[in-house]
Amino acid sequence: MPKLSLVVPVYNVRAYLSECIDSVLGQDYADFELIAVNDCSPDGSGAILDEYARHDPRMRVIHLTENVGLGRARNAGLEKAQGEYVLFLDSDDTLSDGALAAIAGRLEATGNPEVLVYDYARTYWDGRVSRNMRSDLLSAEGPDVFSLAERPKLLDLLQIVWNKAYRRDFVLENGLTFPPGYYEDAPWTFCSMISAERITVLDRVCVLYRQRREGGNILKTVSRKHFDVFDQYRRVFDFLDQHEKLDQWRGPLFRKMIDHYLTILERPGRLPRDARAEFFHRAAADYRARLPEGFQLPAGNRRHKYSMLQRDAYPAMMGALATVKARQQVKTRTRRVLNRSKRSAMGVFYRSQLKLPLDENLAVFSAYWSRSVSCNPAAIDAELGRLAPHIRRVWAVRPEAVKNVPAGVEFVRVGSREYWAAVARAKYLVNNVNYGDSVVKREGQVYLQTHHGTPLKTMGLDQQKYPASTNMNFRKLLERCDRWDVSLSSNRFSTGVWERVYPCSYTSLESGYPRNDVLVTATAEDVRAAREDLGLREGTTAFLYTPTHREYQSGFVPRLDLERVAERLGPDVTLLVRGHYFYGGSSRLAEFQSAGRIVDVSAHPSVERLYLAADGLITDYSSAMFDYANLDRPIVIFADDWDTYSVVRGTYFDVLREAPGAVATTQEELIDLLTSGQWRDDRAAEARDRFRRRFCDFDDGHASERVVRHVFLGEPLAELPPIVPLDQRVPAPPPGPGVATSDPISVL
């Protein structure tokens, strides 16, 4: 029997679930079991739990067959718990380092009391950490073990279930279970605290309570479900009726009940407007029915509120709240003045266009900060032309990039009157980055964020942990992301990252990346054409070298001695190098190209055609590896500066250990891999297969169709083409037999 059982209910938390589970399994205390309850979560959380359970015997997973809600999911875990003590943890929160050891130590030191109360801290998206404001109540003054009667102010702590450890036999003896509905913590917490004869406290932050910027909190949900609070307090007072010895707690619990009711009434964003009067009258009825004999009204402003509730004086209460609201409106008007001054910078013309009706058949596209017509937006554009030709498709392009716009593509120059008219009136805005801050997201517009890669390096809010990698204003970043309606994802891994690092109110669409459709649907003729366009002669084995951007370098600096690599690999070598788009043109690459040893394809308009032409990929930390893996062709990781890159930028996994193929950390190792054939041996193929199964979830050749049919044509998800299983996909055929393994290898 373990000392501790941790019950974690799980529902729609894939963005935070790994952090939660890691914080438990990574504790330096081992005498525990972790019971995760998948409450029929539709977001793939169950698969994440199963993967953890396969690797750690301390973890068990319960998969419920229907969604039952937080309280009953906890009950399901409680039934399976075997530990001496039961702890609860919400699946978007985490344990602090050393928390379980501190909890177990305190329990042992105090003779295993019935309840241990420990502290928590709120954590925010911008890195702020704020300890519980009433942490003073957990100071160790007085006896180590006591009853609530000796320290009644503990009731003033936020009454939550997950800041306590409960002895399991105490829970069973008192028949404690969680009720359904909102505010399910109240009956459990109040009834357990007033029933316990031996309580102790731990003045230490053990739980990091995540304050989500968007969603995940019923307190921010406008709903009639807040009426559940009446049933919860009915259960509390029913418990008191059944236990006469606890009658002394009627007064304190009455006070907690009324304070709770008033909080729900006063806080905006909880009750629907047409339900406020009904809620008030229900609260007033509870006040009169449960008013304890001799109850003393609180002092100050709260006394007036209690009196209005006792008299069922709804108009008087609304008048008082209106006064508070008026003060808030003054602040709001001040903010509007500031915002109006900012909007003036957009120009009179743009503001006039924003007043005109939306064009339901206009879509504006942009990619890579309007540098090109490419990537996921370009693939969606093409499919939109096929499935919905009635929708006009316009690209936003920087003036200096106009020369690269393909023939037949309609475009507007960024900053022109045509541009401002288009972004003001388009029904659809599509981008693989963010539109500029001056672009206003109108009501009724649909903003589709396609992204442009799978994250190996840290992104969004996670970059706050690596300040050397960015000078980004994260608040401004999230304001830009607030405009998104739909966020595309090519794999479950990316979905979890995007939802965590961009915590806004968009919907994730796990469609696959439209730009990768061609990697599955291309024919042998398409592959031959891609190679011919590049001038590759028959028999050449082609590699594409795609090093990524480094924050600690101001320009493109090849990590390889390209001339030496080409020389060592033989006379049939053709080395194509694609520098990161951040760097633009490279004089160094131009020099190499003029010597005829390599070809600079940095400006090639379609990286997907380069993928089709290549027999293999050489890269470091670029997201190219995730896309290229869809071809099921060899990938070689050349990571000579992993120690520096991982520290400066931060990554989501160790690319040396979880690479999609062979790994080299020096130039000589790379040359040996290529000349010996290790780059495409069985070991490399096994690594690639593991990688594909993890990161090629949805790229089955139908991503563009799914996006267009759902986002632009409004078809429900259930009617879209289902994801083709990985083992049933047939990638584009490889370029051909190439040279024999023992021959010199050509490098593209």
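Note that the coordinates shown come from a computational prediction; the quantities given were computed from them, not determined experimentally. Residues: numbered from 1 along the sequence shown.
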Atom pair [atom1]/[atom2] of [X] and [Y] - distance to nearest 0.5 Å:
X: Q248; Y: L148; atom1: CD; atom2: CG; result: 8.0 Å
X: S5; Y: Y85; atom1: OG; atom2: OH; result: 12.5 Å
X: Y261; Y: F230; atom1: OH; atom2: CZ; result: 5.5 Å
X: D286; Y: F237; atom1: CG; atom2: CZ; result: 8.5 Å
X: L107; Y: L4; atom1: CG; atom2: CG; result: 7.0 Å

Item to complete: Tell me whether the centres of the aromatic rings in Y233 and H260 are closer together than 6.0 Å.
Response: yes
Worksheet entry | Ring centre gap for W162 and Y120 strictly below 6.0 Å | yes
Worksheet item: More than 12 non-hydrogen atoms from neighbouring residues, nucleotides or ligands closer than 6.0 Å to CD on E197, yes or no?
Response: no
In plain terms, say whether [X] and [Y] are close enough for a salt bridge, that is, a side-chain N and a carboxylate O under 4.0 Å apart.
X: D697; Y: R492; answer: yes
X: D90; Y: R212; answer: no
X: R224; Y: E278; answer: yes

Worksheet item: Once the angle between the rings of F178 and W188 is folded into 0 to 90°, is it parallel (under 30°), tilted (30 to 60°) or perpendicular (over 60°)?
Response: parallel
Practice prompt. Hey, can you tell me if Y506 and W484 have their rings parallel, tilted or perpendicular (30° and 60° cut-offs)?
Written response: tilted
Discussion item. So which atom in P179 and which in Q232 form the shortest heavy-atom distance, rounded to 0.1 Å?
Written reply: CG-OE1, 3.2 Å
Worksheet item: Just by distance, do the side chain of S23 and the backbone of T94 share a donor-acceptor pair under 3.5 Å?
Response: no
